[in-house]
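Structure first, then comments.
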Amino acid sequence: MANTITMSYEVPGGDFTRAGEASSSLKGSLKKMNVDPDIIRRVAIAMYEGEINMVIHANGGKIDVIISPDEIEMILTDEGPGIEDIELAMQAGYSTAPDNIRTLGFGAGMGLPNMKKYTDEMKIESQVGVGTTVRMKVKL
Amino acid sequence: MTIDEIRSILGAKYIVGEEWKDREVHTACGSDMMSDVLAFMKDQSVLLTGLCNLQVIRTCEMMDIICVVFVRGKMPDEAMIAMAKDKGITLMTTGHRMFSACGMLYKNGLQGGPAY
């Protein structure tokens with residue numbers, strides 16, 4: 001891949017059954033580009049966790065993916081309630097998800113730790129009442 | 001262990017994807033929490049779960065999990081079956097509970113991941 005490719009996805013809010021469509025679409029595109037399967041899996045899992053978070057907490061948002069020769073960058077932007085204490089939110093097991101989300105198999109407080117685990121770089125910028133931007137990079 | 005050996009050990013029934021019964025499975029994961037599943041990255045795995053919604057199939061797609069065993073007789077809906085078929089994931093159901101189903105597979109040589 002000599003050039004930089006940018007892809008954008010809208011994540012609809014409120015519809016839990018559709019969460020993951022963007023990650024699924026990206027995964028398909030990366031397969032067609034013959035990206036290494038381990039890299040694809042790491043990118044797909046990190047983005048999927050982010051997508052689930054956007055649906056649960058922020059009524060959806062937008063994801064931009066920038067694929068360059070050296071790395072894949074995912075920028076997840078939402079206009080949700082924001083994260084009050086990012087350090088606390090990063091702790092494995094800490095969750096503010098409502099109980100009904102736990103019955104759906106999420107809200108275990110593993111989303112952000114998993115996103116960090118599978119990426120080479122992760123930065124969260126958040127302002128309460130304004131929204132959150134999560135930037136993740138996976139090196140190629 | 002093949003997908004069909006798993007079906008036989010658990011007395012399970014195929015729901016979709018019987019055509020992939022000869023695929024080899026190397027590890028297994030048993031959980032109803034998908035974020036726990038997403039923390040576990042292994043090749044050619046089987047997932048045992050009592051959770052029955054579309055995000056189970058999505059999680060498997062992201063993880064490259066090739067087979068799902070629904071425990072306690074759970075049955076996926078049409079949308080889950082269609083997605084699994086499209087993504088090449090075998091689905092089966094067994095009447096055994098989670099603990100028993102995991103134990104039966106472990107006893108027959110299927111391994112989980114390393115300890116945290």
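Below, chains carry the letters A, B, ... as their sequence lines are ordered, and counting in each starts from 1. All values below were derived from every heavy atom in this structure, side-chain atoms included, with hydrogens, water molecules and symmetry-related copies excluded.
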| query | Step by step, would you call B/Glu61 with B/Arg58 a salt bridge (Lys or Arg N to Asp or Glu O under 4.0 Å)? | reply | CA-CA 5 Å; B/Glu61 179 196 357; B/Arg58 279 275 182 235; 3.0 Å; yes

| task | Would you mind telling me which of A/Val43, A/Thr17, A/Leu104, A/Ile52 has the largest number of heavy-atom pairs within less than 4.5 Å of chain B? | result | A/Leu104

| said: Under the criterion side-chain hydrogen bond (donor to acceptor under 3.5 Å, both in side chains), I'd like the reasoning laid out for B/Thr2 against B/Asp22: C-alpha separation, chi angles, the key distance, then a yes or no. | reply: CA-CA 5 Å; B/Thr2 65; B/Asp22 294 325; 5.4 Å; no

| request: Against chain B, label A/Tyr48 side chain, backbone, both or neither, depending on which of its atoms sit under 4.5 Å from a heavy atom there. | output: side chain

| Can you tell if the side chain of B/Ser45 reaches within under 4.5 Å of the side chain of B/Phe40, non-hydrogen atoms only? | yes

| field | Interchain contact, B/Ser31 with chain A, by part (heavy-atom threshold 4.5 Å) | value | neither

| note | One should read off an interatomic distance between B/Ser8 OG and B/Met1 CE, to the nearest 0.5 angstrom, of 10.0 Å

| Options A/Ala108, A/Ala19, A/Gly109, ranked by heavy-atom pairs under 4.5 Å with chain B, top entry | A/Ala19

| message | Using side-chain heavy atoms (C-beta onward) and a distance below 4.5 Å, is A/Val65 in contact with A/Ile67? | response | yes

| Neighbourhood of chain B inside residues 119-139 of chain A, taking heavy atoms under 4.5 Å as contact | none

| So which part of B/Asp64 gets closer than 4.5 Å to some heavy atom of chain A, the side chain, the backbone, both or neither? | both

| field | B/Val37 and its side-chain contact (heavy atoms from CB on, under 4.5 Å) partner, picked from B/Leu51, B/Val56, B/Thr59, B/Thr49 | value | B/Thr59

| remark: Heavy atoms of A/Pro69 and A/Asn3 approach each other most closely as CD-O, 4.2 Å

| remark: Rounded to the nearest 0.5 Å, the CE atom of B/Met75 sits from the NZ atom of B/Lys13 at a distance of 8.5 Å

| Is there side-chain contact between A/Ser29 and A/Met7, with heavy atoms separated by less than 4.5 Å? | yes

| query | Given that the side chain runs from C-beta out, which part of A/Ile40 has a heavy atom under 4.5 Å from chain B: side chain, backbone, both or neither? | reply | neither

| said: If you count heavy-atom pairs within less than 4.5 Å of chain B, which of A/Arg18, A/Met47, A/Glu21, A/Arg102 leads? | reply: A/Glu21

